Amino acid sequence: MSDQQPTSTAPPAATTPTGGPRVPDKVSLDGLEDRWDRAWTQAGTYRFDRTATREQVYSIDTPPPTVSGSLHVGHVFSYTHTDVVARYRRMAGREVFYPMGWDDNGLPTERRVQNYFGVRCDPSMPYDAGFTPPQVGGEGKSSKAGDQLPISRRNFIELCERLTVEDEREFESLWRYLGLSVDWDHHYQTISGEARAVAQQAFLRNLARGEAYQAEAPGLWDVTFQTAVAQAELEARDYPGAFHRVAFHPADGDAVPVVIETTRPELLPAVVALIAHPDDERYQALFGTTVRSPLFGVEIPVLAHPAAEPDKGAGIAMCCTFGDLTDVQWWRELQLPTRSVIGRDGRLLRDTPAWLLADAGAAPGAEALWSDLAGTTTFTARTKVVDALRAAGDLDGEPVATQRKANFYEKGDKPLEIVTSRQWYIRNGGREVPGRELRAELLARGEELSFHPDFMRVRYENWVGGLNGDWLVSRQRFFGVPFPVWYPVGEDGEPDHDRPLLPTEDQLPIDPSSDVPAGYTAEQRGRAGGFVGDPDIMDTWATSSLTPQIAGGWRSDPDLFERVFPMDLRPQGQDIIRTWLFSTVVRSHLEHGSLPWSDAAISGWILDPDRKKMSKSKGNVVTPRGLLEEHGSDAVRYWAASARLGTDAAFEIGQMKIGRRLAIKVLNASKFALTFGEGPDSVVLDPALVTDRLDRAMLAGLADVVDRATEALDAYDHTRALELTETFFWTFCDDYLELVKDRAYGAGAAEVGPGTTSARAALGLALHTLLRLFAPVLPFATEEVWSWWQEGSVHRAPWPTAAPLREAAGDADPAVLGAAGAALAALRKVKSEAKVSMRTPILRAVLEVPAAVTDAVAAVAGDVRAAGRVTGALDLVSADGGGDGAGAVVREVELGEAEARVKG
RNA sequence: GGGCGAUUGGCUCAGUGGUAGAGCGCCUCGUUCACACCGAGGAGGUCACUGGUUCGAACCCAGUAUCGCCCACCA
């Protein structure tokens with residue numbers, strides 16, 4: 001890319017005063033991105049016509065990229081796939097609804113605002129209308145929570161909106177440069193008032209229908225972020241641990257101790273039972289008896305449960321509240337007591353638990369030991385407990401190191417604990433309720449949805465089939481969409497969670513930490529007889545799951561919503577099928593009783609040269625802007641469009657260079673094809689003028705390409721469509737253009753004859769078609785050429801059909817072009833092997849061609865002779881017998897002298 | 001442990017029953033009158049492996065190996 005930026009803002013006039021094409025002397029890709037972006041904006045080329053009906057509209061539920069992060073090559077890759085679809089559907093006659101959203105509701109934005117302004121969100125603070133942040137642009141300075149000024153949620157959201165404006169401007173600029181045909185009048189932010197209102201309204205509807213509910217239950221908890229975590233946000237990781245063999249002594253005597261294996265000895269004070277499989281013969285005698293926990297001396301039962309696996313560990317497990325989800329299952333099904341010892345900060349509780357007091361029958365040393373453990377992290381506590389066990393003689397052998405899998409919050413770096421808390425849930429089929437087969441309904445929606453590629457459906461099915469609980473939507477964070485709920489506070493000062501106070505839909509969005517429920521005054525907040533706001537915010541997916549409703553105007557613009565919903569396409573990555581795709585299906589199914597869209601296009605990963613997923617941490621991220629500027633947007637788009645949906649693709653500069661070469665070739669070949677003649681009649685798109693057999697054959701081949709490419713695009717196979725078009729285009733350039741060059745120039749003729757007219761008409765028809773076939777992938781180069789000789793934008797031109805081409809082609813056989821091309825190649829080969837210039841004349845040649853095409857080659861021999869510079873006799877002989885391929889072979893040849901070269 | 005993809009020339013990938021394909025890279029040559037961000041020609045592969053079905057298998061079936069990913073596995 002040159003350093004020169006174009007100064008012209010307007011595209012060149014489409015035609016000369018005489019009506020012929022206006023082709024620049026020098027063609028170039030440089031500067032096309034900026035020039036055409038401006039022209040498209042000015043002309044409103046991609047503006048959505050909201051008078052279109054649902055049948056006319058093609059609507060796309062665009063993924064909102066996370067602002068405060070950065071766009072990387074993977075985004076360019078997958079967003080290009082979507083844009084190719086959008087451009088094709090637009091040309092195919094649909095009114096495309098293609099909005100862009102920004103995801104500024106989530107941890108990345110929260111952290112960025114904290115660091116940038118030196119503040120943190122504290123919903124208990126009052127809103128300050130004249131607030132000025134303590135710092136601006138302090139990236140990384142005040143990262144410690146203690147240094148950050150607490151401000152109200154409303155102030156925090158305002159700062160977020162202020163900061164993300166800049167990110168969003170940059171993102172938009174990149175998308176425009178890439179050539180995304182987005183209607184920039186339709187964009188949204190996930191933290192905007194509108195998005196918050198939609199999220200709250202949808203939640204209230206879920207609540208009213210009984211699909212949202214609160215429950216106090218043990219659940220996965222991240223001790224770093226101190227929030228509950230949903231199943232969809234889990235990530236299993238390898239985690240170093242050790243097996244400890246621990247002896248439990250029977251309570252009623254000095255019989256042989258029961259030895260269990262555990263990786264979490266620090267949970268020994270939380271033990272509530274030992275559990276083995278009911279059929280396990282080793283433990284039959286123990287079922288129904290009790291044992292005492294070592295060190296703490298708490299008496300616990302030995303029980304049977306089928307979830308215990310005889311071949312794991314010692315075959316008998318220590319059930320604690322709570323070490324893992326199996327513990328939760330046992331606790332629930334065997335109705336065991338709750339003995340929680342780990343707090344929300346991941347440390348052991350400060351106060352001595354009641355069951356460890358000597359009064360409660362615990363061992364005499366239990367309280368002293370606890371005082372040593374209290375307030376320590378699980379890691380410290382583990383060491384202390386192991387030391388104590390060893391000293392007490394209840395550690396059987398030494399710990400054996402092992403690699404185990406532990407659940408982590410995908411953004412966290414400590415294993416999750418299980419903590420009991422009150423949370424909001426939305427039903428998603430993970431926990432069945434009588435009278436509704438929600439899981440089956442959602443599986444049916446999965447079958448109804450067209451996945452591209454189809455095999456991605458199994459990820460949906462696996463996930464829905466494997467859900468083990470409802471969707472936990474509340475988070476104990478401060479920045480985000482709050483639950484629109486207050487609770488009355490009783491005279492005892494306790495909130496009544498069973499009788500929530502709700503706003504009406506027209507009040508939304510509300511913030512219960514600053515707004516007041518109807519019938520109360522602000523002074524009553526937190527007082528007995530007053531009210532409190534729900535302190536939690538919604539999971540980011542609780543908002544993102546509503547992107548069709550947010551973008552489509554479900555709440556604020558029902559007329560628009562009716563025209564775009566249910567949408568046609570959800571494009572997205574394969575990694576968020578279980579989150580974004582599934583949660584969107586859930587919300588739409590519950591609210592609208594339909595799928596949110598009919599089709600889902602799943603893009604693959606970008607792999608770096610080591611076949612690893614490209615990621616920032618590996619330091620191999622290339623900035624998209626630099627890539628686009630270096631190679632040109634059409635070139636990068638070509639690389640992206642060359643990869644099929646659902647297939648991982650290599651980050652390959654080489655493929656971009658090929659794309660650039662193709663785009664340049666489009667410019668140059670078009671220039672060539674449009675400049676054979678001069679004046680208004682030089683290019684006439686009239687099928688009736690095409691009379692030559694070679695021209696007709698070429699158009700017949702092109703007609704097939706149009707049909708097949710269209711079919712491929714309808715099936716979301718843009719790769720195939722591109723490949724078909726590209727292959728034809730290179731043959732068109734290398735063979736057809738060479739073959740008809742002389743005839744199109746009208747060489748040697750005083751007047752424009754029918755052969756010349758035929759060639760020019762065929763060239764025009766072919767170019768008119770090829771430009772449109774390439775337009776979705778190469779929007780800039782094709783638009784540039786289109787502007788030389790056509791009115792309006794190629795991107796609003798109708799998608800080509802085969803009909804006019806077939807009309808021109810008649811009954812011509814497409815193979816004729818191939819046969820002529822093969823004949824030409826044979827003549828070239830002779831020269832190449834003789835190491836002479838291609839301009840060397842052939843004085844005489846005998847060309848052997850397959851019998852099946854001898855007549856065809858003879859019919860177009862004039863063009864073959866001209867292109868091969870055959871000045872004398874060209875005798876054709878049929879290959880007898882064998883060879884039925886398209887190949888041709890020169891049997892005899894006499895080469896002339898090369899044209900005199902300019903010496904110098 | 002269950003599942004989904006992938007495995008084709010040095011590289012990136014097409015190719016779902018009928019004599020192995022493309023582009024890049026490589027080699028040779030040419031060329032500035034559309035295109036040096038160029039053109040022409042050429043070399044290069046027992047289609048991961050083992051069985052099977054078939055007149056015929058890169059393609060269908062069974063199994064194996066390797067790579068990537070998803071889910072489950074926390075005693």
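Chain naming here is simple, since letters A, B, ... match the order of the sequence lines and numbering starts at 1 in each. Nothing here was measured: the structure is a model prediction, and the numbers come from that model.
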Practice task
Between B:C4, B:A75, B:G23, spot the one nearest the side chain of A:V458, thanks.
Solution key: B:C4
Problem - Any donor-acceptor N/O pair under 3.5 Å between B:C74 base and A:K405 side chain - result: no
Exercise for the section: Scan A:W639 against the nucleic acid and name what it touches under 4.0 Å (heavy atoms): base, sugar-phosphate only, or nothing. Expected result: nothing
Handout entry: Base of B:C70 paired with side chain of A:R459 (donor-acceptor, under 3.5 Å)
Key = no
Completion exercise
Dot-bracket assigned to RNA chain B with the 3.5 Å Watson-Crick/G-U criterion, [ ] for crossing and | for other-strand pairs, is ((((((((.[[[[.)..(..]]]].((((((....).))))).....[[[[[..)....]]]]])))))))....
Protein and nucleotides 15-18 of chain B: nitrogen or oxygen contacts under 3.5 angstrom:
from, atom 1, to, atom 2, distance (Å)
B:G15, OP1, A:R720, NH2, 3.2

Handout entry: Distance, rounded to the nearest Å, where A:D734 contributes CG and B:C38 contributes P
Key = 12 Å
Practice task
Classify the side chain of A:R839 and the base of B:C33 as holding, or not holding, a donor-acceptor pair under 3.5 Å.
Solution key: yes
Practice task
With sequence neighbours excluded, tell me which residues meet salt bridge (charged side-chain N to carboxylate O under 4.0 Å, His left out) with A:R332.
Solution key: none
Problem - salt bridge (charged side-chain N to carboxylate O under 4.0 Å, His left out) partners for A:K312, two or more places apart - result: A:E309
Polar atom pairs (N or O), protein with nucleotides 41-44 of chain B, under 3.5 Å:
from, atom 1, to, atom 2, distance (Å)
B:G41, O4', A:S832, OG, 3.4
B:G42, OP1, A:K829, NZ, 3.2

Exercise for the section: Could you check how far CG of A:L724 sits from P of B:A14, rounded to whole Å? Expected result: 14 Å
Completion exercise
With sequence neighbours left out, the residues meeting side-chain hydrogen bond (donor to acceptor under 3.5 Å, both in side chains) with A:D311 are none
